[in-house]
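What follows is a set of notes on a single structure, which appears directly below.
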4 protein chains.
Amino acid sequence: MERKKILSNVKNRELVMKRRNQMIKGAISLFKEKGFHRTTTREIAKESGFSIGTLYEYIRTKEDVLFLVCDSIYEQVKQRLELVIAKEVPSVKMLKNVVRAYFELMDEMQEEVLVMYQEVKSLEKEAQEYVLKKEREMVDMLKQVIESCLPEHNISDMDTELIANNIFIQGQMWGFRRWILQKQFKLDEYIDRQLFYLMRVLLIEE
Amino acid sequence: MERKKILSNVKNRELVMKRRNQMIKGAISLFKEKGFHRTTTREIAKESGFSIGTLYEYIRTKEDVLFLVCDSIYEQVKQRLELVIAKEVPSVKMLKNVVRAYFELMDEMQEEVLVMYQEVKSLEKEAQEYVLKKEREMVDMLKQVIESCLPEHNISDMDTELIANNIFIQGQMWGFRRWILQKQFKLDEYIDRQLFYLMRVLLIEE
Amino acid sequence: MERKKILSNVKNRELVMKRRNQMIKGAISLFKEKGFHRTTTREIAKESGFSIGTLYEYIRTKEDVLFLVCDSIYEQVKQRLELVIAKEVPSVKMLKNVVRAYFELMDEMQEEVLVMYQEVKSLEKEAQEYVLKKEREMVDMLKQVIESCLPEHNISDMDTELIANNIFIQGQMWGFRRWILQKQFKLDEYIDRQLFYLMRVLLIEE
Amino acid sequence: MERKKILSNVKNRELVMKRRNQMIKGAISLFKEKGFHRTTTREIAKESGFSIGTLYEYIRTKEDVLFLVCDSIYEQVKQRLELVIAKEVPSVKMLKNVVRAYFELMDEMQEEVLVMYQEVKSLEKEAQEYVLKKEREMVDMLKQVIESCLPEHNISDMDTELIANNIFIQGQMWGFRRWILQKQFKLDEYIDRQLFYLMRVLLIEE
DNA sequence: TATGAATGAGGGTTCATTCAT
DNA sequence: AATGAATGAACCCTCATTCAT
């Protein structure tokens with residue numbers, strides 16, 4: 001997928017990458033704490049380790065930072081998930097492992113995911129659509145895993161889509177609604193029970 | 001549950017109620033359009049039909065408006081749900097009706113729910129907890145419906161909790177992730193398929 | 001001529017007039033000293049006697065101030081000139097008196113005129129055109145004075161236009177190029193000699 | 001006349017000249033378009049074909065660029081005018097030719113002259129005076145042309161000064177007030193009529 | 001109780017200038 | 001001699017909140 005380009009005054013590509021990563025790291029930590037709107041560009045610059053002037057050498061607007069953050073989060077999640085998928089051959093076991101890995105990932109990155117969920121709507125249309133596409137990609141990954149792991153399933157495409165979506169948001173929910181869920185479940189319990197019911201939904205007996 | 005008190009300079013209780021309802025209505029319409037942070041108090045006052053000075057006679061800070069809005073939204077959802085529950089006697093049919101009603105409600109109020117989800121984090125701690133409690137109440141309502149409709153079920157309390165949570169967020173997801181879901185499903189299809197799988201999860205045959 | 005409207009948050013028309021006059025006065029004094037670009041909005045506010053916030057209750061952008069200033073200057077010049085014209089009946093004597101009055105006015109307002117000349121180009125297109133129209137009006141006033149004072153002249157319209165323009169800029173030049181002219185001429189001398197040659201140009205013998 | 005020195009880090013005199021000419025060319029083109037204040041040093045560097053760092057090897061401040069530009073413009077005008085003067089022997093015809101050439105020059109360079117007029121005030125005192133002296137020189141050239149072409153005139157020195165000044169600004173006015181004048185006159189018409197009245201002023205019959 | 005003018009801290013962004021390479 | 005990344009003071013403007021009427 002075409003990566004949306006954020007313009008930078010600085011020419012040196014490697015430096016841009018380096019500085020932007022500093023920026024993303026700093027920004028995430030601040031957004032976690034106080035959200036996008038309450039974080040100032042000056043704070044982002046400081047947390048990233050450079051001056052406000054330097055910050056603006058690498059982005060055009062504050063929103064660019066948010067976009068960079070969102071993009072980076074999705075990219076990380078996606079890569080991590082692809083890694084898990086690549087490691088195994090399709091099977092029910094693999095399906096369970098992928099889902100488990102996804103849930104664990106969501107636990108690890110719950111802060112980041114939270115940030116994204118709260119702030120995407122602050123992005124301008126184009127950037128928002130780009131991020132949405134990323135999300136679409138992830139649901140598609142889950143969908144394909146289901147399909148390839150259950151080759152003889154007779155689940156309609158629409159239902160696969162629905163189930164993939166359900167898994168997707170159940171994962172996000174873990175972090176997103178942690179105040180409720182994490183009071184009552186440990187991560188493992190949560191995963192186990194969700195997997196248990198997923199098997200039921202997919203009519204897989206064990 | 002104790003209602004969190006928002007202080008007002010005006011003594012006349014009825015007037016306070018009236019003005020605040022104007023305010024909530026105006027604010028929701030603005031928050032839908034541009035979010036909490038991008039909406040100014042002046043705009044809220046204007047949309048509500050009174051001056052900025054008057055606005056501040058009925059609230060202390062801009063955040064109070066957000067709280068009032070969140071509170072009002074949950075209250076509406078809760079009341080509407082209670083209405084449906086009150087109409088029937090417990091049974092599988094009732095369970096399905098309640099879930100269906102909940103999904104339909106989420107469809108109707110998707111903008112409002114969206115607003116809430118994006119902005120709760122902007123509330124101060126205490127207000128946030130209050131809203132969270134409201135959410136807890138709603139999950140509990142679903143939980144109780146499941147329990148009362150399936151008196152002989154052998155689902156553990158934890159699992160009931162999990163399933164109630166899943167239903168809860170599947171409803172919100174409909175509005176929250178509309179860009180993905182509403183491209184592929186009509187509301188009825190979505191409800192039907194979710195109900196279909198819910199029955200599987202609950203081991204109810206039809 | 002339609003007056004270009006500068007929007008204000010404040011409704012009270014009289015107050016708007018009053019505050020804007022404060023603003024114009026403060027701004028002119030600053031623009032004289034350091035020019036438009038080197039003057040900050042905070043300085044304008046302070047010099048006008050109110051806070052930066054208040055300043056922005058009466059204008060939308062810094063450029064609005066410049067426009068207000070330009071508009072005010074032209075308006076003053078125009079009114080003063082009209083006063084002189086209204087006082088007499090058309091005749092060569094009147095023509096000379098009007099030109100003299102115009103030159104004296106330019107002397108009095110040389111700072112203001114200087115400001116205008118240096119900064120009009122900073123105005124946005126629309127505002128610039130408005131100011132240009134004002135200038136056009138003033139040249140037309142001079143033109144009409146020439147025509148009405150010399151009823152039997154056989155000067156073509158184009159030539160009248162040219163002569164009016166020449167008078168117009170000779171007036172501005174007095175202030176605009178004061179470093180050169182005011183070293184060598186006293187105001188009265190300057191006026192006398194310019195009038196002397198104007199008579200020659202118009203073939204008026206005395 | 002002593003040329004005001006702008007300091008440069010670079011020692012090689014030829015290189016300094018070359019780079020500064022690049023700079024002047026680039027800067028004029030930018031100043032024409034957006035004025036001095038709205039043009040950034042980065043833009044000047046880019047338009048001149050070198051980096052911002054290099055720009056600052058040849059000047060001390062942004063204002064230096066403006067000075068260089070003003071100086072260059074006057075120098076060009078002066079040289080061009082001297083060329084015309086050198087070509088002929090003093091006579092009424094020469095006077096007319098010089099004035100005509102000056103007006104044509106002002107037409108050609110109207111953008112540049114406009115730039116100068118708007119921005120000289122942004123120069124610091126010393127630089128401003130230097131530029132003013134240049135102007136003085138040009139008026140003196142016109143004055144001398146009048147005197148040498150009309151050897152038996154009985155025009156006082158002061159009046160010659162006045163007339164030279166009038167010619168000078170009538171030329172600038174052509175570009176400076178082009179919105180008004182160039183709507184009504186073609187260049188040739190303008191020159192012809194101004195010359196016609198100049199002859200009258202000088203009591204020259206033809 | 002209602003109004004709306006006044007306030008000023010603080011936000012995002014720019015850009016002339018420097019300096020290590 | 002040339003480069004361009006880094007800097008941060010300073011700019012314009014917004015907006016939640018107050019308070020005199």
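Throughout, a chain's letter reflects where its sequence line sits, starting with A, and its residues are numbered from 1.
- In summary, contact between chain B and DNA chain F, defined as any nucleotide atom under 4.0 Å from a heavy atom of the protein, begins and ends at F/dC15 to F/dT18 in the 5' to 3' direction.
- A donor-acceptor contact shorter than 3.5 Å is absent between the side chain of A/D71 and the backbone of A/F67.
- Taking D/R19 as the reference, D/Q22 meet the side chain to side chain donor-acceptor pair (under 3.5 Å) condition, with sequence neighbours excluded.
- Scored by the side chain to side chain contact (heavy atoms under 4.5 Å, CB included) test, D/E112 finds D/I28, D/K32, D/I73, D/M109 as partners (sequence neighbours excluded).
- D/T40 pairs by the side chain to side chain contact (heavy atoms under 4.5 Å, CB included) definition with D/R42, D/E43, not counting sequence neighbours.
- Consecutive Watson-Crick or G-U pairs involving DNA chain E, each under 3.5 Å on both distances, make up stems of three or more pairs at E:2-21 with F:2-21.
- Between A/N9 and D/Y58, the residue anchored closer to the 5' end of DNA chain F is D/Y58, taking for each the nucleotide with the nearest heavy atom.
- Listed by chain and residue number, nothing satisfies the ring-ring contact (aromatic ring centres under 6.0 Å, His included) test with D/Y58 (two or more places apart in sequence, or in another chain).
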How would nucleotides 8-15 of chain E be written as a contact map, 5' to 3', with B for base contact, S for sugar-phosphate-only contact and - for no contact, using protein heavy atoms under 4.0 Å? BBBSBBBS
Where do D/E47 and D/K25 land on the salt bridge (charged side-chain N to carboxylate O under 4.0 Å, His left out) test, with the steps shown first? CA-CA 9 Å; D/E47 188 79 13; D/K25 216 181 142 196; over 6 Å; no
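- Sequence neighbours left out, the pairs with a member in residues 13-35 of chain D that pass ring pair (Phe, Tyr, Trp, His ring centres under 6.0 Å) are D/F31-D/F36.
- If you measure from atom CZ of B/R20 to atom P of E/dT1, you get 13 Å, rounded to the nearest angstrom.
- Considering only residues two or more places apart in sequence or on other chains, D/Y117 meets the side chain to side chain contact (heavy atoms under 4.5 Å, CB included) condition with C/F176, C/R177, D/V113, D/E135, D/F168, D/Q172, D/F176.
- By the side chain to side chain contact (heavy atoms under 4.5 Å, CB included) test, C/E126 pairs with C/K4, C/E124, sequence neighbours left out.
- Side-chain atoms of B/T54 do not come within 3.5 Å of backbone N or O of B/F50 as any donor-acceptor pair.
- For D/E63, the salt bridge (charged side-chain N to carboxylate O under 4.0 Å, His left out) partners are C/R38, not counting sequence neighbours.
- Proximity of residues 25-32 of chain B to DNA chain E (heavy atom under 4.0 angstrom from any strand atom) is not detected for any residue.
- Without hydrogens or angle criteria, B/K62 side chain to B/T39 main chain gives a donor-acceptor distance under 3.5 Å.
- Here the side chain of C/Q128 pairs a donor or acceptor atom with the backbone of C/L123 at under 3.5 angstrom.
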